[in-house]
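These notes concern the structure reproduced below.
All values below come from the heavy atoms of this structure, side chains included, with hydrogens, waters and symmetry mates left out. Numbered from 1 within each chain, the chains take letters A, B, ... in sequence-line order.
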Amino acid sequence: MTLEILSASPMLSVQDAGRRGLRGMGVSASGPMDPPALALANALCANPADAAALEFAAFGGQVRTDAPVRFAVTGGMCDIRIADRILAPDESHWLHPDETLTLGALRGASWGYFAVAGGIDTPPVLGSRSTHLRFALGGLDGRRLGAGDRLPIGAAFGDTLLRLAVPVPARRFADPVRILPGPQDGSFSDDVLARLTTSPFTVTDRRDRMAFVLDGPDLPARHGHDDSERHGHDYPARHGHDIVSDGTMPGAIQVPGTGKPMVLMAECQTTGGYPKIATVISADLARLAQMPVGTTVRFATMTRDAAEDAARIAHAARAALIASLTPKADRTLSSEYLLSCDLVGGFHDPEAVTGGPA
Amino acid sequence: MTPVFRACGERAVTVEFGDTIDPDVNDAVIRLGAALDAAPFDGMVETVPTYRSLLIVYDPLVVRGRAVERQVADRLSGEGPAPAPPRRWRIPVHYGGAAALDLENLADEKGMTPDALIALHSGADYRVYMIGFAPGFAYLGGVPERLHTPRLTTPRQHVPAGAIGLGGQQASINSVAGPSGWRFIGQTPVRAFDPRRADPVLFRAGDRIAFYPVSADEAAQAAIPEPEAAP
């Protein structure tokens, strides 16, 4: 079975849960910008958690298949259509060979996920199908997808359409993004450290799968900076915005000589020579990744113990959400389900009303 | 220096052995990394040795950071297994051709002939301090002082894989094609990174490397080298 891309978002790529254990070789995890959203898309298609799906930014594009396939779109509100039927995100639907599926604009989110039952079955590279765009690994020839690309689809489990028992709670972008100080908070004065949690920052359009640049107050390091370091291809030096390179993780807030913080994301380098003033906790990184350009970000410090608790809570919530998946009503609708549909937001599912294609 | 633990969020911790580039510090990093890799604690995901610190990634659903630090501290104070002896590589380099973008101008800057520069570069012993920045990219220390060189203000957009570079007091064997502000004096047919190979990454921290000059023809026929145990 094959998925054909008819038109594509400029940022459409194959992603699974990512590579693991290769940072020591210089290969970062890659994988989804919003791991919970990818996990939900897979679960809605009864896929294993490590199945590959498509990740897109802003909008998806148009696709078709050569055989009937179940699919789901997650990540946020998305304009999903088959001909003139409008379909809801966060539940699975059928796509038939005579149909064209349009994955339109995301609203109030930056990254969408399109999973098909059986998963995208491109060959794994270094243990994962995730596309690492910077180094052209995985996915389809390590690159973004475009019109005319054809992707193999794996064998699906079952044939049941699924939905959530209750809608995914909307992401609360106004809540503070929680951080742990360090590892190089010592490179900054108390004044500058205070600035990080008392001043608002803004998500800028200078962002990709490697890093997000935030606008906001200047965060100068203690001993000035060396402009030669700003190109990222670091060599060691020991002052201000240059540190002797050490390991980096997604979520690290590194501050180059510009003084503008840069939050490392899924495809970040494995090592870096900029001081990392703080690190976004993993429970909040996907929410930051999903913030549209212009969103105001406020950071709040927490302890490592509390961050670990937050990781456990987030994991339990994700597991509960996936455990709550339930078969879609066949031709009849409960009032509970109708209430769960975002009718006010203009997203409902006529397919659920009619029972969908036979 | 007593190793310092620094949290990198709630799923990684850095064990910092120093803040300088020093073979002894780097050895301590490599020793701890090897000990943990040989006998990982519950919840350990991976370790990343760098110049002067070891990044330890773990799963916070399995183990808490406090427990990680306690277990790592025990390893530091205990007698670890003897680390594997460093490996020694001899890497053929064609000093010339399309990738030798800076051979002539760098020799000019240094007031030496290209041949003298080649002799200096291929006469030195290099140490792999860490793999980072890109898949399989080895940061090499041990560059003769006369070859220390500032990087370009504007990086080049495309430098091929295998290019032999100098940047600051470091040397490199570029593992993948890409932009770089380093200066390049030749090219090796040896691929430091090849995802199709059983060992995708050739070098690891602690390895020793020596370069030897070959002609373009010899470079075209070179096989994947085998490392030897260093004396």
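Contact detail for B:R52 and A:S245: the closest heavy-atom pair is NE-O, 4.0 Å. The two residues A:F135 and B:F133 make their nearest non-hydrogen contact at CZ-O, 3.6 Å. The two residues A:E308 and B:P60 come nearest to each other via the heavy atoms CG-CB, 4.4 Å.
Residues B:D19 and A:V244 form no side-chain contact, since every pair of their non-hydrogen atoms from C-beta on lies 4.5 Å or further apart.
When heavy atoms are compared at a cutoff of 4.5 Å, B:T47 approaches chain A solely by way of its backbone atoms N, CA, C and O. Heavy atoms closer than 4.5 Å to chain B are found nowhere in A:S28, neither backbone nor side chain. Only the side chain of A:M249 comes within contact range of chain B, with at least one heavy atom under 4.5 Å from a heavy atom of that chain. Looking at A:D309, both its backbone and its side chain come within 4.5 Å of chain B, counting heavy atoms on both sides. For B:V29, no part lies near chain A; criterion is any non-hydrogen pair under 4.5 Å. Neither the backbone nor the side chain of B:V25 comes within less than 4.5 Å of any heavy atom of chain A. For A:A283, the part lying under 4.5 angstrom from a heavy atom of chain B is the backbone only. Residue B:R66 touches chain A through both its backbone and its side chain, counting heavy-atom pairs closer than 4.5 Å. For A:A311, the parts sitting under 4.5 Å from any heavy atom of chain B are the backbone and the side chain alike. Neither the backbone nor the side chain of A:I179 comes within less than 4.5 Å of any heavy atom of chain B. For B:I131, the parts sitting under 4.5 Å from any heavy atom of chain A are the backbone and the side chain alike. Both the backbone and the side chain of B:P195 come within less than 4.5 Å of a heavy atom in chain A. Neither the backbone nor the side chain of B:V4 comes within contact range of chain A; no heavy atoms are under 4.5 Å apart. In this structure, chain B has a heavy atom under 4.5 Å from the side chain of A:L137, while its backbone stays farther away. There is no contact between B:F5 and chain A, counting heavy-atom distances below 4.5 Å.
Note on B:P200, B:G136, B:A134, B:S175: by heavy-atom pairs under 4.5 Å with chain A, the leading option is B:A134. Ranked by heavy-atom pairs under 4.5 Å with chain A, the list B:L61, B:L55, B:D37, B:V201 is led by B:L61. Counting heavy-atom pairs closer than 4.5 Å to chain B, the top-ranked of the candidates A:L126, A:V125, A:D185, A:T270 is A:L126. Taking chain B as the reference chain and counting heavy-atom pairs below 4.5 Å, the highest number among A:P183, A:P181, A:A136 is found for A:P183. Highest contact tally toward chain A, considering only B:V48, B:L54, B:V176, is held by B:V48 [criterion: heavy-atom pairs under 4.5 Å].
To the nearest 0.5 Å, atoms CG (B:L202) and CE (A:M25) are separated by 11.0 Å. We find the SG-CG distance between B:C8 and A:L264 to be 11.0 Å, quoted to the nearest 0.5 Å. Expressed to the nearest 0.5 Å, how far CZ of B:R11 lies from CG of A:L285 amounts to 8.0 Å.
The backbone N or O of A:R23 lies less than 3.5 Å from a partner atom in the side chain of B:E46, making a donor-acceptor pair. No side-chain donor-acceptor contact under 3.5 Å links A:Q269 to the backbone of B:G132.
Around atom CG of B:D42, no more than 12 heavy atoms belonging to other residues, nucleotides or ligands sit under 6.0 Å away. Around atom CZ of A:R143, more than 12 heavy atoms belonging to other residues, nucleotides or ligands sit under 6.0 Å away. Applying the 6.0 Å contact sphere to CZ of B:R191 captures more than 12 heavy atoms from other residues, nucleotides or ligands.
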Should B:R64 and A:R312 be marked as a side-chain contact (heavy atoms from CB on, under 4.5 Å) after you check the CA-CA gap, both sets of side-chain angles, and the distance that decides it? CA-CA 11 Å; B:R64 286 193 179 259; A:R312 286 157 196 234; 3.6 Å; yes
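In this structure, A:R304 pairs ionically with B:E69, as a charged nitrogen and a carboxylate oxygen lie closer than 4.0 Å.
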